[in-house]
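Here is the structure we will look at, set down as structure tokens.
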Amino acid sequence: MNVFTKIIAEKLAIPDGQVESTLKLLDEGCTIPFISRYRKERTGGLNEVQVAAISEWNDRLKETARRKETIISTITEQGNMTDELKRRIDECWDATVLEDIYLPYRPKRRTRASIARELGLEPLAELLLRQREQNPERAAERFVGGEVKNAEQALKGAQDIIAEQVSEDERSRAVVRQAFRRGAVISSKVVKAKRDSDEARKYSDYFDWSEPLRRCTSHRLLAMRRGEREGILRVSISIDEEACLAQLCRHYVHGRGPCQKLVEEAVDGGFHRLLCPSIENEFAGKSKERADDEAIEVFRENLRQLLLAPPLGQKRVLAIDPGFRTGCKVVCIDEQGNLLHHTAIFPHPPQRYRMQAKIEVERLVDNYDIEAIAIGNGTASRETSEFVGELEFGHDVKTFVVSEDGASIYSASQTARDEFPNEDVTVRGAVSIGRRLMDPLAELVKIDAKNIGVGQYQHDVDQTKLRHSLDQTVELSVNSVGVDLNTASQQLLTYISGLGPSLAKNIVDYRRENGAFTSRSQLKKVPRLGPAAFQQCAGFLRIRGAKNPLDGSAVHPESYGIVEQMARDAQCSVAELMADKDRQKTIDIKKYVTPDVGLPTLSDIMKELEKPGRDPREQIEEFSFSKDVHTMDDLAEGMLLPGIVTNITKFGCFVDIGVHNDGLVHISHLSDRFVSNPADIVHLHQHVMVKVIEVDYRRNRISLSMKGVQQ
């Protein structure tokens, strides 16, 4: 068992054996979705979140190991490596402690201390630190000469050396670090010259703000740091410096006397000039990293919910991208999302061609056998929804409001240009709205997740971490649903376990040249899709109507033999077994346990036989806003209104109530009980009832509550 296994098992509270098995699977090139879905026996049933956490810790420890190699190499080249130092570095896996060990040896630019050492003043510094010399000025005279002009200069240089030693000493850093950990206060002040500017108004809450750093929420910290970056705020982290300095002096200053006074001055200088700023920067970085992680986690969970939003399914859809002056772009798309027709209508001011628009939409619904209408939730959405609600159709047509966040990004992208080279961005955007209703997951993977609009401060957090987290979220979401091998876009296939952009393109090219896939085994004919990639991807790709019905399920090809044996034992075909729930109930899965296949896999197989290729997403529901409320002027305190959750943050959720400004349900108003995480109470696009508790017209803010409101 290697050291990584022990560290990860302790950090994640997962048994050593499960961690070790998971690490081996990762080293073999297995993906997180594949491991969590098809290797439950080896991992002990770890879910994708646990497997992802193990993978992330493994990457983090590998990075630390590389850093240790660099440190060891550097110190060895300096000739300063000792057996004890090497042992300490080898045994250290805490990045902060590791850097403290390395600090005295780290190459640095010339400092006041290094200049003093070059002048030969290190022996004088050591003499002062021993604090036995009764006349340090006389002792310093022995070092006068060359560039050292007098004893005062010699003593100053010695103090610079002591100050740097204090700042680089591990115990000193631990003392100051503990002071920051216990009592650091973060403060922000407005830059006076910017106080009355328009851009400063949004930071007014932080013009004179302070609170303990450990209590500062991620959204407040990120807001302050953004204000600082924009030159509006000055942000600092401080501690009780007197108490901390007194503790350091007790360690370095022993008794009273002239040497002790010089050492105390050196400690004071080292603390204020070097040590305190260094640890403040460290805590600024750590607090920012912690805030980033929280913000990214909120974004990740919101994205997951959005990707797994209920799909309408393969229906004929009329999609409307609403607008006032430029009109409403209307498109008709078939069950596969292909564009059939597009036009523009102008039911709203300034044109107000309402009757012509009514006739046109009713005609399109009839001519193209439209089954549902999708309306984008942007400008004029509410007015367009009411307009559509007045129309009369010859058959039942459901209407849905669809989030259009990121649709404009997609419409101008290379992907959209490749799909619709002869259409303009308005048509592409409307098609995207319609497809989002049919299958949010398949459409949203075409857009950079940062542009989907469900995060907070996404441009302020670590972009590498954000990208990794969001890409992983998309991958896990896509694989949890599975995709139709014959209709999935290249973008959707890219996120399937074991594929990636190159193999996804090869699959689409093969499909275009050879027609629809008729079996999973046919994937092996795709260029460069070898046995390893086939193993990773096959279970997540579905083929509807395949000759082998298992190709349309989540049963992995490596388990087909088990199902075939079950069918033989039940004296029927695989297709008959999958269609007969009574036959399935007679199967004793314990009979099929082998050294490689256990009850977890067999249980999953039985679930698939019961509902082959089942979609884990919920059913979509219709929604309508209150007919009495259209703008903020229509709102009154105490009103109960229907709304749709549009975004979830650490401090609450935003709800669209149909007045063009989303209202905030603060975390304290989400429930009658205490709420620590808003995501435990609400999810994206959830239909909720809210109460209006305040309308702030000056700042265009609406405060809402769900407390005591029947949902």
For Arg614, look at atom CZ and say whether over 12 heavy atoms of other residues, nucleotides or ligands are found less than 6.0 Å away. yes
All pairs passing salt bridge (charged side-chain N to carboxylate O under 4.0 Å, His left out) where residues 380-393 contributes a residue, at least two apart: Arg354-Glu390, Arg382-Glu386
Residues in ring pair (Phe, Tyr, Trp, His ring centres under 6.0 Å) with Tyr495, at least two apart? none
I'd like to know if Asp509 and Arg512 make a salt bridge, using a cut-off of under 4.0 Å between side-chain N and carboxylate O. yes
If you measure from the Lys or Arg side-chain nitrogens to the Asp or Glu carboxylate oxygens, is any gap between Arg304 and Glu301 under 4.0 Å? yes
Excluding sequence neighbours, so at least two apart, what forms side-chain hydrogen bond (donor to acceptor under 3.5 Å, both in side chains) with Arg428? none
Output all residues satisfying ring pair (Phe, Tyr, Trp, His ring centres under 6.0 Å) with Phe651, sequence neighbours left out; order by chain, then residue number. His219
For Lys40, is the NZ atom crowded, meaning more than 12 foreign heavy atoms sit under 6.0 Å from it? yes
Quick note, salt bridge (charged side-chain N to carboxylate O under 4.0 Å, His left out) partners involving residues 641-651, not counting sequence neighbours, are none
Apply side-chain hydrogen bond (donor to acceptor under 3.5 Å, both in side chains) to Arg417 and list each qualifying residue two or more places apart in sequence or on a separate chain. Gln414
Glu622 CD: over 12 foreign heavy atoms closer than 6.0 Å: yes
Is the CZ atom of Arg673 crowded by more than 12 outside heavy atoms at less than 6.0 Å? no
Pairwise side-chain contact, Asp405 with Leu306, heavy-atom cut-off 4.5 Å (strictly under): no
What I want to find out is whether Arg617 reaches Asp439 closely enough, with some N-O distance under 4.0 Å, to be called a salt bridge. yes
Taking distance alone, no hydrogens or angles, what donor-acceptor pairs closer than 3.5 Å link side-chain atoms of residues 313-331 to residues at least two apart or in another chain?
residue : atom : partner : partner atom : Å
Arg316  : NE   : Glu335  : OE2          : 3.4
Arg316  : NH1  : Tyr368  : O            : 3.1

Could you list the residues that satisfy ring pair (Phe, Tyr, Trp, His ring centres under 6.0 Å) with Tyr560, not counting sequence neighbours? none
Under the rule for ring pair (Phe, Tyr, Trp, His ring centres under 6.0 Å), what residues qualify as partners of Phe625, not counting sequence neighbours? Phe623
When you compare the side chains of Asp662 and Thr646, does any donor N or O come within less than 3.5 Å of an acceptor on the partner? yes
Acceptor/donor pairs from residues 676-693 side chains to any protein atom, 3.5 angstrom cut, sequence neighbours excluded:
residue : atom : partner : partner atom : Å
Asn677  : OD1  : Ala679  : N            : 3.2
Gln686  : OE1  : His683  : N            : 2.9

What residues form a side-chain hydrogen bond (donor to acceptor under 3.5 Å, both in side chains) with Glu404, not counting sequence neighbours? none
Any donor and acceptor pair, going by atom type alone, linking the side chain of Asp418 with main-chain N or O of Thr415 inside 3.5 Å? no
Do any pairs count as a ring-ring contact (aromatic ring centres under 6.0 Å, His included) and have a residue in residues 391-444, sequence neighbours left out, and if so which ones? none
